[in-house]
Amino acid sequence: TILFLRACLALLAMPIYLLSFLGIWQPFCRKVFFPFFSDKCSAYHQKKVKKHKQELFRNLPDFTSPSGELKLLEIGTGCGMNFQFYPPGCKVTCTDINPNFQQSLLKNLSKNQHLQYEGFLVAAGEDLHQVPSSSVDAVVCTLVLCSVSNITGTLREVLRVLRPGGAFYFLEHVAADRSSWNYFWQQVCHPTWKLLFDGCCITREAWKNLEEANFSELKLRHIKVELPCPPITPHIIGYAVK
């Protein structure tokens with residue numbers, strides 16, 4: 001049944017599959033469609049998770065280094081929707097594999113003058129070689145683990161760049177319970193969704209990767225975010241300490 005419904009969905013999205021076959025869709029998606037889509041949808045998602053983020057980042061100042069500075073690295077910064085939740089004086093370094101987000105990012109930075117912007121790095125989560133080991137107090141990653149090519153590799157890099165005692169903050173949409181109808185429709189939508197939204201995977205069980213990573217402490221909760229698109233309503237939220 002899932003294969004049949006996948007085929008029906010692929011038929012509806014046939015123009016995009018054809019553009020992908022011709023090598024046209026991916027460059028267009030990365031440069032035009034996905035940044036535009038993310039900019040518009042991130043604002044809506046932000047309204048739904050604002051209280052969750054306020055609670056999540058409340059203890060961020062607790063991880064300030066002994067020098068009195070809070071150096072923060074954000075992986076997959078995108079449009080910069082998290083800036084408003086960072087404490088005053090926080091030194092923020094932004095990374096994203098897609099450089100086309102910089103315009104929206106700088107726009108959000110202009111609204112958050114309480115931060116010290118350290119720069120933007122074009123980098124994948126699995127390869128943060130531009131960031132020295134044990135050099136940051138906190139790493140933030142929201143709605144990114146769904147699209148990295150290797151979650152385990154990304155978490156390994158997070159642990160490398162964090163100083164001992166530093167924290168990794170996350171908020172991610174994940175796979176639904178395997179016995180639910182939501183998971184059934186996630187399976188149906190998965191191939192077309194991944195193509196349409198620049199590699200975003202809606203069937204990942206990212207909490208398992210976090211549980212298996214070498215963090216000394218993990219605070220993780222499963223939540224449901226009320227969104228009009230059921231496949232991305234299940235989320236995990238929390239932080240982990242190195």
Side-chain angles (χ1 to χ4, degrees), residues 28-61 63-64 69-125 128 130-131 135-148 154 157-158 161-162 166-173 196-200 223 225-229 232 235-239:
F28 172 78
C29 178
R30 178 156 293 189
K31 188 173 183 179
V32 180
F33 174 75
F34 194 61
F36 174 81
F37 175 84
S38 295
D39 189 32
K40 301 303 179 185
C41 290
S42 293
Y44 181 82
H45 185 271
Q46 183 84 309
K47 292 178 182 178
K48 296 296 183 179
V49 299
K50 187 172 183 178
K51 290 184 178 179
H52 290 295
K53 284 188 177 182
Q54 288 173 333
E55 180 184 350
L56 173 65
F57 294 119
R58 186 175 298 157
N59 70 339
L60 193 51
F63 296 97
T64 300
E69 293 182 331
L70 179 61
K71 294 182 179 180
L72 184 148
L73 175 74
E74 182 162 356
I75 300 175
T77 309
C79 304
M81 301 303 292
N82 295 322
F83 293 157
Q84 63 180 289
F85 303 104
Y86 300 156
C90 179
K91 294 186 174 182
V92 181
T93 300
C94 303
T95 75
D96 205 295
I97 196 172
N98 188 346
N100 298 294
F101 279 112
Q102 288 187 72
Q103 185 175 354
S104 297
L105 185 153
L106 292 173
K107 180 181 176 182
N108 271 321
L109 267 174
S110 67
K111 301 176 184 177
N112 293 276
Q113 299 292 330
H114 65 288
L115 302 177
Q116 295 185 42
Y117 178 53
E118 297 287 281
F120 181 91
L121 304 174
V122 179
L128 300 171
Q130 301 172 73
V131 183
S135 63
V136 297
D137 305 300
V139 176
V140 174
C141 182
T142 59
L143 304 181
V144 174
L145 295 181
C146 59
S147 56
V148 297
T154 299
E157 279 289 82
V158 168
V161 302
L162 272 176
F168 171 57
Y169 289 80
F170 55 88
L171 171 64
E172 302 287 339
H173 67 80
L196 191 61
F197 299 114
D198 199 25
C200 176
I223 63 173
V225 178
E226 297 299 330
L227 298 170
C229 187
I232 56 171
H235 283 59
I236 56 171
I237 186 171
Y239 68 94

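Everything quoted here is computed from the prediction, not taken from an experiment.
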Asker: Tell me if the aromatic rings of Y86 and F57 count as close, with their centers under 6.0 Å from one another.
Answerer: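 Under 6.0 Å, so yes.
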
Asker: Answer yes or no: is there a donor N or O on one side and an acceptor on the other, between the side chain of D137 and the main chain of G166, under 3.5 Å?
Answerer: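 Judged by distance alone, no pair lies under 3.5 Å.
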
Asker: Quick one about D96 and N98 (side-chain donor to acceptor, distance below 3.5 Å, no hydrogens or angles considered), yes or no?
Answerer: no

Asker: Which atom names give the shortest non-hydrogen contact between P87 and L115, and what distance separates them?
Answerer: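 Of all heavy-atom pairs spanning P87 and L115, the closest is O-CD2, 3.8 Å.
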
Asker: Apply side-chain hydrogen bond (donor to acceptor under 3.5 Å, both in side chains) to Q84 and K53, showing your working.
Answerer: CA-CA 10 Å; Q84 63 180 289; K53 284 188 177 182; over 6 Å; no

Asker: Where do I97 and V122 come nearest, in terms of heavy atoms and distance?
Answerer: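 That closest heavy-atom pairing would be O-CG1, 3.9 Å.
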
Asker: Report yes or no: does E69 contribute a side-chain atom to a donor-acceptor pair with the main-chain N or O of T64 at less than 3.5 Å?
Answerer: no

Asker: Spell out, as yes or no, whether a donor-acceptor pair under 3.5 Å connects the side chain of E172 to the backbone of L143.
Answerer: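 Flag set: sc E172 to bb L143 pair under 3.5 Å.
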
Asker: Grab the two heavy atoms, one from Q116 and one from G89, that are nearest each other, plus how far apart they are.
Answerer: NE2-O, 3.5 Å

Asker: Under the side-chain contact (heavy atoms from CB on, under 4.5 Å) test against Y169, which residue among N59, T142, L72 passes?
Answerer: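 It is N59; the other options fail the test.
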
Asker: Show the nearest heavy-atom pair for residues S110 and K107, with the distance to one decimal.
Answerer: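 For S110 versus K107, the nearest heavy atoms are OG-O, 2.5 Å.
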
Asker: Might you point out which heavy atoms bring A123 and Q130 nearest each other, and give the distance in Å?
Answerer: CB-NE2, 3.8 Å

Asker: Check whether any side-chain N or O of N112 sits under 3.5 Å from a backbone N or O of H114 as a donor-acceptor pair, and report yes or no.
Answerer: no

Asker: Is there a donor-acceptor contact under 3.5 Å from the side chain of E74 to the main chain of V140?
Answerer: no

Asker: Which side-chain N or O atoms in residues 28-38 pair as donor and acceptor under 3.5 Å with protein atoms at least two apart or in another chain?
Answerer:
unit_1 : atom_1 : unit_2 : atom_2 : d
R30    : NH2    : D198   : OD1    : 3.4
S38    : OG     : F34    : O      : 2.9

Asker: Under the 3.5 angstrom rule, does the side chain of S104 hit a backbone N or O of F101 as a donor-acceptor pair?
Answerer: no

Asker: With side-chain hydrogen bond (donor to acceptor under 3.5 Å, both in side chains) as the criterion, how do H45 and H173 come out once you've worked through the C-alpha distance, each side chain's angles and the decisive distance to 0.1 Å?
Answerer: CA-CA 11 Å; H45 185 271; H173 67 80; over 6 Å; no

Asker: What are the two closest non-hydrogen atoms of V144 and G76, and how far apart are they?
Answerer: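 Heavy atoms of V144 and G76 come nearest at CG2-O, 3.6 Å.
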
Asker: Please report the interatomic distance CG(L128) to CG(L121), rounded to the nearest 0.5 Å.
Answerer: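 It is 8.5 Å, given to the nearest 0.5 Å.
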
